Amino acid sequence: MTTRTVDTMTRTADTTVDTTRELAAFLRARRERLDPHDFGLPARRQARRTPGLRREEVAELAGVSTDYVVRLEQARGLRPSADVLEALARALRLAPDERAYLFDLAQQRPRNDDKPATTPAAPLARLVADLSPLPAMLMNHRYDILAWNGEMARLLVDFETLPPARRNAMWLCLMHPQLREVYADRERVVREGIAHLRAAWAAHPEDRVLSDLIAECTARDEEFARLWAERDVKVNGRGHKVLRHPEAGVIGVHFEVLVPLQSPDQRLVIYRAADDESQAALDRLCAR
């Protein structure tokens, strides 16, 4: 990777979120992904020079002027209302997480004024320990790992041996030699993690630590930079992963992410074995 490329990537993930420019880029990216044939639009004599819908087509679907869409996509300082955002979300067929991201960028969704969690709430830390033998950990919106139990440490990595600044699930997945190879479907895991991180980035535009993490990952990891530029937005509350543990072998897990009402910036992550073979492998691992 050249120095110029790194500099460009670093500028892309600035120290804070420029919401006006990101809103413009997000609208363009989503417009260009749409297939005109899916909308039953009349054929036009002039050939399409770019993929996706034209701005005037989006404007017609959303019930706004073409000039308004042009100014939004050129980041010319417009502050769209909630009604306009809703119309654009429908016109662009945004998924629920993408719609929330749009509202966050336009600062039309009520924000949580609480500061990011950097230490675990004591009752949640005890809950993580009590969930043993299920592997469990507690994270904040940045993927900082705040608490974990022994089973999660044996399954992934001994977090206690890591500097606190490196106890971050995204950074570890990208940079830690052991965890870079642990996921069988690594690209999907990274892609889903980045889609979650982008939603958190829009919801916490003043979180400089998060923006610095994104800048570092963009500059140091080509895969992260490529996937970040795709602007996928999705928050996964549950799912499935397959891990290749160096001692226990292949382990499939289902995971669940829970958000406590009284600590909304903390996320409780719980793993369960996906099948009998995986349960036996987890039992052997934890017995050691």
Side-chain angles (χ1 to χ4, degrees), residues 17 95-105 107-160 162-173 179 183 189-190 192-214 232-241 243 253-274 282 286:
V17 181
D97 291 332
E98 294 172 328
R99 176 185 174 278
Y101 184 67
L102 179 69
F103 274 70
D104 279 336
L105 291 174
Q107 300 176 29
Q108 288 288 358
R109 193 164 68 154
R111 295 190 182 279
N112 186 346
D113 293 331
D114 293 340
K115 293 183 179 180
T118 56
T119 57
L124 294 177
R126 289 194 296 271
L127 178 58
V128 168
D130 291 345
L131 283 167
S132 177
L134 294 176
M137 60 183 171
L138 194 66
M139 300 193 298
N140 62 14
H141 69 270
R142 303 174 189 143
Y143 281 136
D144 292 336
I145 301 166
L146 308 178
W148 59 90
N149 60 17
E151 287 77 9
M152 186 64 82
R154 294 185 189 95
L155 182 62
L156 296 180
V157 67
D158 185 356
F159 302 107
E160 193 67 44
L162 303 173
R166 291 313 185 199
R167 294 172 191 164
N168 179 276
M170 177 57 71
W171 190 92
L172 290 170
C173 184
L179 291 186
Y183 296 108
V189 172
V190 173
E192 290 178 353
I194 291 172
H196 168 92
L197 209 60
R198 181 170 279 281
W201 183 66
H204 301 83
E206 304 305 321
D207 186 348
R208 196 169 293 273
V209 174
L210 173 59
S211 294
D212 288 347
L213 169 68
I214 293 167
D232 285 337
V233 183
K234 187 175 177 60
V235 178
N236 265 358
R238 61 171 57 96
H240 177 262
K241 296 178 181 179
L243 294 80
V253 296
H254 297 302
F255 69 87
E256 196 79 24
V257 183
L258 308 177
V259 180
L261 289 175
Q262 290 187 272
S263 302
D265 193 52
Q266 303 195 26
R267 287 122 174 87
L268 179 62
V269 182
I270 307 169
Y271 284 2
R272 295 178 295 110
L282 275 175
C286 295

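Side chains included, hydrogens not; waters and symmetry mates left out as well; all remaining heavy atoms used. These numbers were taken from a predicted model, which means no experiment stands behind them. The chain is numbered in sequence order, starting from 1.
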[X] side-chain N/O to [Y] backbone N/O, donor-acceptor pair under 3.5 Å:
{"X": "N149", "Y": "V128", "result": "yes"}
{"X": "D265", "Y": "A117", "result": "yes"}
{"X": "R267", "Y": "P264", "result": "yes"}
{"X": "Q266", "Y": "A121", "result": "yes"}
{"X": "D144", "Y": "T118", "result": "no"}
{"X": "D97", "Y": "V235", "result": "yes"}

Which atom names give the shortest non-hydrogen contact between [X] and [Y], and what distance separates them?
{"X": "V233", "Y": "A199", "result": "CG1-CB, 3.8 Å"}
{"X": "V157", "Y": "L179", "result": "CG1-CD1, 4.0 Å"}
{"X": "A169", "Y": "I145", "result": "N-CD1, 4.0 Å"}
{"X": "F159", "Y": "A153", "result": "CE1-CA, 4.2 Å"}
{"X": "Y271", "Y": "L134", "result": "O-CD2, 3.6 Å"}

So does K234 have more than 12 non-hydrogen atoms from other groups sitting under 6.0 Å from NZ?
no
Does a sphere of radius 6.0 Å around CZ in R272 hold more than 12 heavy atoms from other residues, nucleotides or ligands, not counting ones at 6.0 Å or beyond?
no
Taking the six-membered ring for Trp, are H204 and H141 parallel (under 30°), tilted (30 to 60°) or perpendicular (over 60°)?
parallel
Those residues that, when tested against R167, pass side-chain hydrogen bond (donor to acceptor under 3.5 Å, both in side chains) (two or more places apart)
none
